[in-house]
Amino acid sequence: TTVSSLSVTEGLAHAEITKQYGVHFECLAGPCTPTPDHSMCHLNNNWGPIFIVLGIGVSPNTGFNFTIAQELAWMQNNQVCLNIR
């Protein structure tokens, strides 16, 4: 079973606020946009997503840009995730 970041804890709160208030977020850094290579230093290859609000009361967008496959690949390859297991 796959657990999406948007279905638990802070991610769930983020998704609920997005939907309830029509917030449009954009991912600036962290694990909200896939990285080209999990082994290199990259703005999105770290822990703790950072978002900017582009609009409120508009078409909702969580700013979380992973497909399920990309999210699984990130969790399997990110060094922080590897150390938690």
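We number each residue from 1, following the sequence as shown.
One finds the OG1 atom of Thr33 at 12.0 Å from the CH2 atom of Trp74 (value rounded to the nearest 0.5 Å).
For the pair Glu71 (side chain) and Ser4 (backbone), a donor-acceptor distance under 3.5 Å is absent. Panel note: side chain Asn65, backbone Gly63; a donor-acceptor pair is recorded below 3.5 Å.
Considering every non-hydrogen atom in both Pro31 and Pro49, the closest pair reads CD-N, 3.6 Å. Ala15 and Thr62 make their closest contact through CA-CG2, 4.2 Å (heavy atoms, listed as atom of the first residue, atom of the second, distance). Contact record, Ala29 with Cys32: O-SG, 3.4 Å, taken as the closest heavy-atom pair.
When the side chains of ILVMFWY residues are joined at heavy-atom separations under 4.5 Å, either directly or via intervening members, Val23 and Ile52 end up in two distinct hydrophobic clusters. In the hydrophobic clustering of ILVMFWY residues, with side-chain heavy atoms under 4.5 Å counting as a link, Phe64 and Ile17 come out apart. In the hydrophobic clustering of ILVMFWY residues, with side-chain heavy atoms under 4.5 Å counting as a link, Tyr21 and Leu54 come out apart.
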Fill in: Stepwise side chain to side chain contact (heavy atoms under 4.5 Å, CB included) test for His14 and Glu10
CA-CA 6 Å; His14 181 84; Glu10 292 96 340; over 6 Å; no
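Taking Ser59 as the reference, nothing meets the side-chain contact (heavy atoms from CB on, under 4.5 Å) condition, with sequence neighbours excluded. Under the side chain to side chain donor-acceptor pair (under 3.5 Å) criterion, Asn61 pairs with no residue at all, not counting sequence neighbours.
Ring geometry for Phe51 against Phe25 counts as perpendicular: the plane angle is over 60°, on a 0 to 90° scale with 30° as the lower cut.
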